[in-house]
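Okay, so here's the structure we're looking at.
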Number of protein chains: 2
Amino acid sequence: MPPKPSLTPLPGSCATCGVRPHDLFRAVPAEQIDKVAATRAAVRLARAGQPIHDTVFSLFAGWAFTWRATPEGRRQILDFHLPGDLVEHDEAGEETVTALTDASFCVLSRERLCAFMGRDACLAMSYAEGLSEDRARLRERLTSLGRRDALGRLAHLLLELQGRLAKRGTASGDGGPLPLRQAHLADALGLSVEHVNRALAQLRRNRVALLRKGRLEILDRAALGALADWPDAPAPALLATRGRARPG
Amino acid sequence: MPPKPSLTPLPGSCATCGVRPHDLFRAVPAEQIDKVAATRAAVRLARAGQPIHDTVFSLFAGWAFTWRATPEGRRQILDFHLPGDLVEHDEAGEETVTALTDASFCVLSRERLCAFMGRDACLAMSYAEGLSEDRARLRERLTSLGRRDALGRLAHLLLELQGRLAKRGTASGDGGPLPLRQAHLADALGLSVEHVNRALAQLRRNRVALLRKGRLEILDRAALGALADWPDAPAPALLATRGRARPG
DNA sequence: CGGAATGTTGAGGTTACTCAAAATAAGTGG
DNA sequence: CCACTTATTTTGAGTAACCTCAACATTCCG
């Protein structure tokens with residue numbers, strides 16, 4: 001028997017590539033598609049859980065994530081990558097990229113890409129735009145880890161991912177595919193797996209959101225948004241149980 | 001009597017600007033300096049603690065920081081800005097920029113800057129490089145807030161800032177100017193002021209680092225690095241007191 | 001069917017928070 | 001330079017959120 005066939009069809013030519021409208025090359029006019037194709041060094045496939053060593057690639061199908069290990073064997077997930085995302089990392093650096101699901105991607109030549117960007121300022125700006133979005137996302141996350149409690153962090157991340165999926169047409173308003181294990185959530189949110197589990201249970205119990213079998217179902221978007229925004233102020237008791245009641 | 005004179009001399013022409021070697025325009029050749037000057041809409045000065053409403057500017061002297069407010073009146077500091085940094089933000093967005101010290105800066109015209117970058121791919125790449133550094137810094141911070149304890153977060157931030165200063169020649173290996181209040185540290189690290197104070201006290205007590213009167217003095221760089229890297233593993237008991245001793 | 005990975009639940013401990021107050025330092029007007 | 005006010009730092013006591021450890025249940029997959 002041949003190896004299990006990929007669940008994700010391989011990308012065809014750049015001209016017909018389904019994710020191109022959302023990726024780095026979205027601004028490149030049709031007649032220059034061949035230049036895009038020229039930056040492509042290879043098309044590759046990674047199984048779920050496998051590290052990806054290529055230092056520049058454009059994700060075509062599947063999810064990936066970038067993380068950093070701690071000496072104690074823990075990890076901090078720095079970002080999740082969805083189809084269409086450009087992913088970059090130094091081979092030398094402390095950061096690692098791992099496939100979250102089976103994933104296929106186009107490996108790009110850093111040299112050729114840089115050369116292309118050096119000539120085409122629009123492409124360079126499109127690249128900058130992507131970096132700027134990354135930064136905005138990281139700033140949101142930083143705010144989460146710094147000033148939101150477990151429930152707020154979780155709600156915020158769920159909404160972030162749902163929003164990114166929706167932008168690609170992969171998710172509707174009330175849910176979408178979300179192939180994360182609770183361990184991934186924990187490592188992205190700076191929490192323990194057990195605590196994430198309890199927070200998810202709370203969302204489930206209160207019919208706010210449901211995560212199971214790789215799908216997220218948002219049952220009460222307003223409540224989820226209120227939690228994500230911030231623990232207390234904007235949410236007028238949409239959830240009964242936010243920890244035990246305050247003494248005062 | 002005229003208003004208290006600024007402590008920071010105003011920038012002269014772009015050609016002789018002291019921070020240009022470290023800023024966005026570092027790659028612009030000498031004969032095109034006039035184009036740089038053309039993107040400059042104004043030179044302005046902000047007093048310590050004042051908000052800066054300009055949406056694109058290049059910091060010339062002094063410090064600033066970008067932060068986000070929570071409905072409860074708390075804040076998360078997202079980044080600190082040093083001389084030479086390009087600072088951007090949406091006026092509409094949730095983020096605010098505030099001068100940390102008295103600061104002078106060149107306000108840039110977003111239109112003219114974009115036009116310049118649209119023509120000059122090198123400038124666009126230089127801009128992208130800055131964004132990439134921002135992202136790397138934010139990733140480090142995210143790791144701090146997610147997986148490091150208070151002492152680790154503090155050590156890491158102090159080293160980060162010291163490193164950035166050193167790159168500009170403003171700090172030496174064993175210290176430099178650091179005009180932050182403990183409240184800024186707390187809001188950047190996701191801690192309470194009191195806890196930051198205790199952590200600083202511990203660094204002081206153990207002769208690792210000293211922060212007072214707007215200056216940081218690093219007494220034991222190795223120990224500080226060990227703390228920053230991660231709580232336990234790489235640090236062979238350089239500090240006696242890391243919380244109370246473990247029972248086991 | 002059996003093993004491994006993942007999810008769930010409980011008990012007890014630790015870090016960091018909150019509240020409160022005192023001690024310093026930094027400004028300000030006289 | 002001093003009296004006064006205000007901001008910042010420091011210390012303490014009690015508490016809450018989250019963690020760790022340890023089982024156990026469940027799902028996944030060969």
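Computed from heavy atoms alone, side chains included, the values below leave out hydrogens, waters and symmetry copies. Chain letters run A, B, ... following the sequence lines, proteins first and then strands; every chain starts at 1.
- Each of A/Glu88, A/His89, A/His81 was evaluated against A/Thr66; a single residue qualifies, A/His81, per the side chain to side chain donor-acceptor pair (under 3.5 Å) test.
- Under the side chain to side chain contact (heavy atoms under 4.5 Å, CB included) criterion, B/Ala201 pairs with B/Arg204, B/Arg205, sequence neighbours left out.
- Distance, B/His184 NE2 to D/dT9 C1': 14 Å, rounded to whole Å.
- Rounded to an integer number of Å, the gap from A/His195 NE2 to D/dA16 P is 15 Å.
- Note on A/Gly190: only backbone sugar-phosphate atoms sit closer than 4.0 angstrom, heavy atoms only; bases stay farther off.
- Using a 4.0 Å cut-off between a side-chain N of Lys or Arg and a carboxylate O of Asp or Glu, A/Asp54 and A/Arg44 qualify as a salt bridge.
- In this structure, CG of B/Leu185 is placed 16 Å from C1' of C/dA16, rounded to the nearest angstrom.
- A salt bridge between B/Arg221 and B/Asp174 is absent, with no side-chain N of the basic residue lying under 4.0 Å from a carboxylate O of the acidic one.
- An end-to-end axis angle of 60° holds for the helix from C/dC1-D/dG30 to C/dG30-D/dC1, taken from five base pairs per end and rounded to 10°.
- Between A/Phe105 and A/Phe60, the gap from one ring centroid to the other reaches at least 6.0 Å.
- Counting to the nearest Å, the P atom of D/dT20 and the CG atom of B/Asp149 are 12 Å from each other.
- Electrostatic pairing of A/Asp85 and A/Arg168 counts as a salt bridge here, judged by a charged N lying under 4.0 Å from a carboxylate O.
- Summary of the strand contacts: A/Arg153 and A/Lys213 both lie near DNA chain D, and taking for each the nucleotide with the nearest heavy atom, the more 5' one is attributed to A/Arg153.
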### Summary
Expected string for nucleotides 4-9 of chain C under the B/S/- scheme (protein heavy atoms, under 4.0 Å, primed atoms plus P, OP1, OP2 as sugar-phosphate) is --SSBB
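- Here A/Glu94 pairs with A/Arg68 in a salt bridge; the nearest charged N to carboxylate O distance falls below 4.0 Å.
- As a whole-Å value, the separation of A/Gln202 CD from D/dA17 P is 11 Å.
- Taking atom CG of A/Asp187 as the reference point, atom C1' of D/dC19 lies 14 Å away to the nearest angstrom.
- Counting non-hydrogen atoms under 4.0 angstrom, B/Arg74 reaches the backbone sugars and phosphates but no base.
- The nearest whole Å value for the distance from the CG atom in B/Leu211 to the P atom in C/dA25 is 14 Å.
- Atom-to-atom, CZ of B/Arg147 to C1' of D/dC18 comes out at 12 Å; the value is rounded to the nearest Å.
- Taking a cutoff of 4.0 Å between a charged side-chain nitrogen and a carboxylate oxygen, B/Arg135 and B/Glu140 do not qualify as a salt bridge.
- At a threshold of 4.0 Å, the pair B/Arg137-B/Glu133 does not count as salt-bridged, since none of the basic side-chain nitrogens sits closer than that to a carboxylate oxygen.
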